[in-house]
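All chains are named by letter (A, B, ...) in the order of the sequence lines, taking the proteins before the strands, and each is independently numbered beginning at 1.
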There are 2 protein chains.
Amino acid sequence: MSVFKKRLGQYVTLDDEEWGPFDALDHKEQVFLAGDDIVRAGDAIRHVFIVMEGWAIRYRLLEDGRRQIVNFMLPGDVFDLQSLADLKADHSLTAITECKVLVIASDVFVDMLQCSASLASAFWWSAVQEESILREQIVRIGRRSARERIGHLLLELQRRFVGATGLDVERLTVPLTRADIADALGLTPVHVSRTMSAMRRADLITEGRGGEITIVDRNKLARLSHFDTDYLHLKKLQIIGAGRRVMEPGEPQRGLAD
Amino acid sequence: MSVFKKRLGQYVTLDDEEWGPFDALDHKEQVFLAGDDIVRAGDAIRHVFIVMEGWAIRYRLLEDGRRQIVNFMLPGDVFDLQSLADLKADHSLTAITECKVLVIASDVFVDMLQCSASLASAFWWSAVQEESILREQIVRIGRRSARERIGHLLLELQRRFVGATGLDVERLTVPLTRADIADALGLTPVHVSRTMSAMRRADLITEGRGGEITIVDRNKLARLSHFDTDYLHLKKLQIIGAGRRVMEPGEPQRGLAD
DNA sequence: CGCACCATTGAGTAAAATCAACCTATGTGG
DNA sequence: CCACATAGGTTGATTTTACTCAATGGTGCG
């Protein structure tokens with residue numbers, strides 16, 4: 001099953017028939033190399049994109065070169081549903097690793113939403129989750145210390161990655177430079193470097209070759225970063241892997257760092 | 001005409017017939033006093049709200065009492081379209097002045113959207129604009145100095161207020177304490193006070209009785225704060241008042257601080 | 001009047017930024 | 001295979017920005 005269906009599956013469970021109108025969509029698949037722009041600020045957007053593989057960033061550049069990364073697009077993420085409103089992009093989207101992306105014309109996409117209430121509901125959840133992630137990003141930057149910001153972001157990325165792939169990995173390969181993390185969290189690369197060094201010394205994370213970050217003790221890091229998954233609006237937890245439990249919809253969820 | 005229709009009118013122009021399904025909606029009107037909660041974090045949301053009068057804030061509280069205001073709800077603003085996805089609120093909404101609010105059951109609202117493409121498009125724009133305002137808030141907090149943040153926020157609030165009321169006011173009555181501004185911008189009240197004093201001394205703003213803030217030179221403040229209205233996605237400018245010009249849809253817009 | 005709430009101001013401190021040097025991998029061309 | 005360039009990460013010294021703590025004063029209200 002595609003990462004995309006797995007991701008939406010975190011909110012609703014659709015059977016093959018319900019996926020029908022989606023599977024029948026006229027679409028193309030496009031590959032972007034690391035560094036390629038997917039959407040440029042000012043572009044008229046006429047397509048909906050779904051990330052199948054790779055990571056991308058959504059960011060704004062200020063006149064003087066400062067950059068703010070607004071959020072990260074991971075496998076399974078959908079953007080820009082805002083294109084349905086026929087507007088110009090107010091920010092840019094760039095692949096930071098090689099990305100495989102599904103591209104669907106906005107009008108075709110709208111037709112699909114109108115003919116299937118269950119698909120519309122699933123995509124609506126996706127849009128709501130994205131907005132919720134933006135709000136959490138505001139809280140993270142506005143009211144947390146550097147260490148809390150970094151820990152919180154790592155936990156979010158890890159949790160979102162698990163949601164899309166179903167793989168319960170503590171060891172996440174994060175293709176982000178110190179500058180990327182800094183521009184996402186409102187810090188400088190130097191300070192990110194120092195803070196992450198301190199986090200390594202405090203046994204919160206370890207780092208290996210090529211951006212591989214391991215969260216040593218998820219609960220401890222979650223406590224220190226005040227991370228709580230509520231804002232991701234996950235209705236159930238479906239994890240595939242050795243010795244993992246599978247939760248049913250409706251089963252109450254632990255609040256912290258699951 | 002209601003502030004609400006005026007606000008959506010910034011994006012689309014609908015005639016009486018097109019507004020029909022909206023006017024026919026079963027709704028109630030509710031008044032909240034300053035300090036009243038409109039939505040509490042954890043509540044199941046089953047209603048769409050439209051602010052007719054007054055100001056409200058959307059915010060999250062951290063465990064240790066820190067507060068982050070995510071955004072401000074002004075007359076004409078619609079929330080929570082996220083209720084259409086049947087989720088629990090991950091944040092709270094509180095009136096900061098007396099608010100008159102239209103309350104519509106989510107399912108009734110969805111029915112209306114489905115029977116009118118032009119209304120659906122108008123509300124979709126409203127949701128897109130809200131998300132765009134969130135992204136700009138991230139940029140503001142993440143990559144701007146205290147003075148830039150305050151100037152930028154004041155300009156946004158002024159512009160949004162003009163959009164909803166049609167009154168081109170330089171003198172905006174902002175019902176916000178220093179603590180509110182601080183919690184919105186990731187600062188402390190003390191620093192907000194100091195920075196705004198400096199802004200008064202620099203003739204960027206003046207302040208009168210009861211939170212009345214006048215933007216002395218909008219263009220100068222916009223330049224200093226790097227404020228640009230693009231992210232508000234306004235298609236046309238309709239201003240009522242002495243000696244004001246009225247722009248037609250399609251007419252190009254100036255980028256700065258209009 | 002006395003209380004509550006808010007804004008302001010001063011003094012000292014802390015967190016993060018800046019500037020700059022240096023180190024390590026990786027990749028390139030001779 | 002080595003010389004060199006590039007990009008990213010780290011570390012030290014110093015400065016800046018914003019925070020903290022604390023006192024003071026105004027305003028509105030019962």
Side-chain angles (χ1 to χ4, degrees), chain A residues 33-35 57 62 64-69 94 96-97 140-153 173-202 205-213 224-225, chain B residues 33-35 57 62 64-69 94 96-98 140-154 173-202 205-213 224-225:
Chain A
L33 301 179
I57 52 171
L62 303 193
D64 55 6
R66 286 176 287 183
R67 179 179 69 154
Q68 176 65 44
I69 295 178
T94 295
I96 52 172
T97 67
R140 187 152 57 203
I141 299 181
R143 281 286 175 250
R144 296 190 206 274
S145 68
R147 192 181 66 172
E148 289 171 334
R149 290 183 211 187
I150 295 170
H152 196 279
L153 176 63
T173 298
V174 177
L176 304 175
T177 64
R178 302 300 187 223
D180 292 331
I181 298 174
D183 285 345
L185 298 178
L187 302 168
T188 56
V190 173
H191 195 57
V192 169
S193 173
R194 278 191 235 277
T195 307
M196 287 183 73
S197 300
M199 289 171 79
R200 285 196 305 267
R201 281 194 300 275
I205 56 173
T206 61
E207 290 189 89
R209 303 282 76 210
E212 185 190 76
I213 296 180
L224 286 172
S225 319
Chain B
L33 300 179
I57 52 172
L62 303 194
D64 55 6
R66 284 177 288 183
R67 179 179 69 156
Q68 176 65 44
I69 294 178
T94 295
I96 52 172
T97 67
E98 185 170 321
R140 188 153 55 200
I141 298 180
R143 281 287 174 250
R144 297 189 206 273
S145 69
R147 192 181 66 172
E148 288 171 334
R149 291 183 209 185
I150 294 170
H152 196 278
L153 176 64
L154 291 177
T173 297
V174 176
L176 304 176
T177 64
R178 303 301 187 221
D180 292 331
I181 298 174
D183 285 344
L185 298 178
L187 301 168
T188 55
V190 173
H191 196 56
V192 169
S193 173
R194 278 191 234 276
T195 307
M196 288 184 74
S197 299
M199 290 171 79
R200 286 196 304 267
R201 281 194 300 275
I205 56 172
T206 60
E207 290 189 89
R209 303 282 77 212
E212 185 190 78
I213 296 180
L224 287 172
S225 319

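A donor-acceptor contact shorter than 3.5 Å links the side chain of B:Arg149 to the backbone of B:Arg144. No donor-acceptor pair closer than 3.5 Å links the side chain of A:Glu207 to the backbone N or O of A:Glu212.
B:Ser145 comes within 4.0 angstrom of sugar-phosphate atoms only, judged by non-hydrogen atoms across all strands, and of no base. Residue B:Gly211 is out of contact with every strand shown, counting any heavy-atom pair closer than 4.0 Å. Across all strands shown, B:Gly210 has no heavy atoms under 4.0 Å from either base or sugar-phosphate atoms.
At least one side-chain nitrogen or oxygen of B:Ser193 sits closer than 4.0 Å to the OP1 or OP2 atom of C:dT8. OP1 or OP2 of C:dT9 has at least one side-chain nitrogen or oxygen of B:Ser197 nearer than 4.0 Å. Applying the 4.0 Å criterion to OP1 and OP2 of C:dT8, one finds that B:Arg200 has a side-chain N or O inside that range.
One atom, CZ of A:Arg144, and another, P of C:dA16, lie 14 Å apart when rounded to the nearest Å. When rounded to the nearest whole Å, the span between CG of B:Asp180 and C1' of C:dA7 equals 13 Å. Atom CD1 in B:Ile141 sits about 15 Å away from atom C1' in D:dA18, given to the nearest Å. Summarising the geometry, the separation between CZ on B:Arg201 and P on C:dT8 is reported as 10 Å, rounded to the nearest angstrom. To the nearest angstrom, P of C:dC6 lies 12 Å from CD1 of B:Ile96. Between the NE2 atom of B:His191 and the P atom of C:dT9 there is a distance of 14 Å, rounded to whole Å. Distance CD1 (B:Ile213) to C1' (C:dA7): 13 Å, rounded to an integer number of Å. Atoms CZ (B:Arg178) and P (C:dC5) sit 18 Å apart, rounded to a whole Å.
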Please test B:Arg200 against B:Ser197 for side chain to side chain donor-acceptor pair (under 3.5 Å), starting from the C-alpha separation and ending with a verdict. CA-CA 5 Å; B:Arg200 286 196 304 267; B:Ser197 299; 3.1 Å; yes
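Around CZ of A:Arg147, the count of heavy atoms belonging to other residues, nucleotides or ligands within 6.0 Å does not exceed 12.
One cannot find a donor-acceptor pair under 3.5 Å joining the base of C:dT24 and the side-chain atoms of A:Arg209. One can find a donor-acceptor pair under 3.5 Å joining the base of C:dT18 and the side-chain atoms of A:Arg194.
In this structure, CD in A:Glu148 is found 11.5 Å from OG1 in A:Thr195, a value given to the nearest 0.5 Å.
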